[in-house]
Amino acid sequence: MPLYPEIEPYDHGMLDVGDGNRVYWETSGNPHGKPAVVLHGGPGSGCTPWARRLFDPDAYRIVLLDQRGAGRSTPPASAYDTDMSVNTIPHLIADLELLRRQLGIERWLVWGVSFGSVLGLRYAQTHPEAVTEVVLTGITTGSDAEVALLTRGLGKIFPDAFERFVGELPDGERDGNPAAAYNRLLESPDIEVRERAARAWTDWETAIVPAPPRSVARYEDPVFRLGFARTVTHYWGNGHFLGEDGVVLRDAHLLKDIPGTLVQGSLDFGNFLGIVWRLHQAWPGSELVVIDEVGHNAGAPGVAQAMVAATDKYARR
């Protein structure tokens with residue numbers, strides 16, 4: 001299934017979600033179509049127009065939003081005085097519910113990539129009455145083991161990059177949780193410390209996650225780089241604010257009445273822990289589609305097409 005043509009939003013706005021935050025949202029496609037909400041990754045990446053192309057614009061009312069601190073939402077995570085204590089999974093879930101009611105939507109399909117899959121899964125588990133279907137890719141559940149793999153375990157595969165990565169940390173913090181240690185640097189009042197830490201963090205991300213040029217190029221923007229690194233380490237260094245390690249996988253049975261499609265690249269490093277297979281086995285209504293020779297990349301050949309096939313299928317429900 002090819003991607004749908006590029007389209008522009010027919011409406012957009014800034015939603016006051018409280019705590020001094022305003023969240024950017026937009027709608028495109030058919031105003032009377034089947035609602036679908038897009039949850040971007042990162043955390044902190046922001047939404048992109050590309051995601052609109054995964055949905056038939058005649059069949060879907062497509063909702064995109066920038067999560068707190070990301071993209072066009074304010075205040076930005078890149079600003080030192082932005083309060084990150086009110087940027088957590090429970091806050092993002094509450095924002096989704098506020099936006100759903102604001103747009104007059106009863107139920108919607110939830111699409112998520114990478115961190116968006118953590119958010120989408122937890123949202124569907126806690127608000128199943130609001131979710132018609134779930135489509136995810138680059139799947140993760142936000143567990144401590146997944147964070148440990150991405151911040152320390154992959155050091156055995158990328159030893160040179162890992163040596164540079166931990167080499168930027170203070171001597172006493174190189175053996176602990178790198179995400180938490182980097183987050184402390186990114187909360188420093190010294191702008192030079194924050195900027196150096198942001199560069200080191202995104203250099204590590206680039207080393208371990210092969211990505212298209214457009215994704216790598218965004219790290220050259222110092223504002224994006226700082227906000228992205230601060231947000232990722234804020235979540236990864238604090239157990240994704242899920243309250244209990246492994247809770248997303250543990251509560252997979254709560255999704256039993258929700259159809260779902262899981263699209264995963266066979267070379268995604270997250271597969272080392274078998275998370276996506278365990279999630280699929282624990283979720284009776286799910287379908288697992290594995291795309292060969294593809295990593296953690298939603299835009300890779302085969303991945304986007306599988307997601308279009310899924311949204312086309314669900315459009316007929």
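Bear in mind the structure is a predicted one, so any value in this text is a computation, not a measurement.
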Heavy atoms from other residues, nucleotides or ligands near [atom1] of [X] exceed 12 (cutoff 6.0 Å):
| X | atom1 | answer |
| --- | --- | --- |
| Glu97 | CD | yes |
| Arg196 | CZ | no |
| Glu129 | CD | yes |

Provide the closest heavy-atom pair for [X] versus [Y] in the form atom of the first, atom of the second, distance.
| X | Y | value |
| --- | --- | --- |
| Ser266 | Glu293 | OG-N, 2.9 Å |
| Ala36 | Phe55 | CB-CE2, 3.6 Å |
| Pro75 | Gly20 | CD-O, 3.4 Å |
| Leu3 | Val308 | CD2-CG2, 3.9 Å |

Measuring from atom [atom1] of [X] to atom [atom2] of [Y], what distance do you get when rounded to the nearest 0.5 angstrom?
| X | Y | atom1 | atom2 | value |
| --- | --- | --- | --- | --- |
| Ser28 | Leu64 | OG | CG | 6.5 Å |
| Ile93 | Thr126 | CD1 | OG1 | 4.0 Å |
| His32 | Asp58 | NE2 | CG | 13.0 Å |
| Glu195 | Ser78 | CD | OG | 10.5 Å |
| Leu169 | Arg174 | CG | CZ | 7.0 Å |
| Ser117 | Trp111 | OG | CH2 | 9.5 Å |

Is [Y] close to [X] at the side-chain level, that is, under 4.5 Å between some pair of heavy atoms?
| X | Y | value |
| --- | --- | --- |
| Asp19 | Val17 | no |
| Leu65 | Leu99 | yes |
| Leu136 | Leu39 | no |
| His127 | Arg107 | no |
| Phe162 | Ile208 | no |
| Pro49 | Glu8 | no |
| Val118 | Thr141 | no |
| Leu119 | Ile89 | yes |

Between the side chain of [X] and the main-chain N/O of [Y], is any donor-acceptor distance below 3.5 Å?
| X | Y | result |
| --- | --- | --- |
| Arg22 | Thr74 | no |
| Glu146 | Ser143 | yes |
| Arg68 | Val86 | yes |
| Thr137 | Val263 | yes |
| Tyr235 | Phe241 | no |
| Arg61 | Lys34 | no |
| Thr82 | Pro76 | yes |
| Asp66 | Arg72 | yes |
| Asp144 | Asp245 | no |
| Trp50 | Glu6 | no |

Going by an N to O cut-off under 4.0 Å, is there a salt bridge joining [X] and [Y]?
| X | Y | result |
| --- | --- | --- |
| Arg250 | Glu244 | yes |
| Glu133 | Arg317 | yes |
| Arg52 | Glu26 | yes |
| Arg194 | Glu187 | no |

With no hydrogens and no angle check, just 3.5 Å: does a side-chain donor-acceptor pair link [X] and [Y]?
| X | Y | result |
| --- | --- | --- |
| Gln264 | Asn271 | yes |
| Tyr123 | Gln125 | no |
| Asn183 | Thr233 | yes |
| Ser188 | Asp190 | no |
| His234 | Thr231 | no |
| Ser45 | His40 | no |
| Tyr4 | Asp312 | yes |

Going by side-chain contact (heavy atoms from CB on, under 4.5 Å), Leu15 matches just one of Leu98, Asn21, Leu103. Which one?
Leu98

Applying side chain to side chain donor-acceptor pair (under 3.5 Å) to Thr261 and Tyr314, what does each step give before you reach the verdict?
CA-CA 10 Å; Thr261 298; Tyr314 293 138; 2.8 Å; yes

Do Val134 and Trp277 share a hydrophobic cluster, counting only Ile, Leu, Val, Met, Phe, Trp and Tyr and linking them when any side-chain heavy atoms are less than 4.5 Å apart?
yes

Tell me whether Leu267 shares a hydrophobic cluster with Leu149, the cluster being built from Ile, Leu, Val, Met, Phe, Trp, Tyr side chains joined at under 4.5 Å.
no

For the residue pair Phe228 and Tyr219, does the interplanar ring angle fall in the parallel (under 30°), tilted (30 to 60°) or perpendicular (over 60°) class?
tilted

Would you call the rings of Tyr24 and His12 parallel, tilted or perpendicular if under 30° counts as parallel and over 60° as perpendicular?
tilted

Worked verdict on Glu205 versus Trp201 for side chain to side chain donor-acceptor pair (under 3.5 Å):
CA-CA 6 Å; Glu205 290 239 2; Trp201 182 270; 3.0 Å; yes

Evaluate Glu168 against Arg199 for salt bridge (Lys or Arg N to Asp or Glu O under 4.0 Å), listing each step before the verdict.
CA-CA 10 Å; Glu168 289 294 327; Arg199 170 58 82 179; over 6 Å; no

Aromatic ring proximity, centroids under 6.0 angstrom, Trp236 and Tyr182:
no

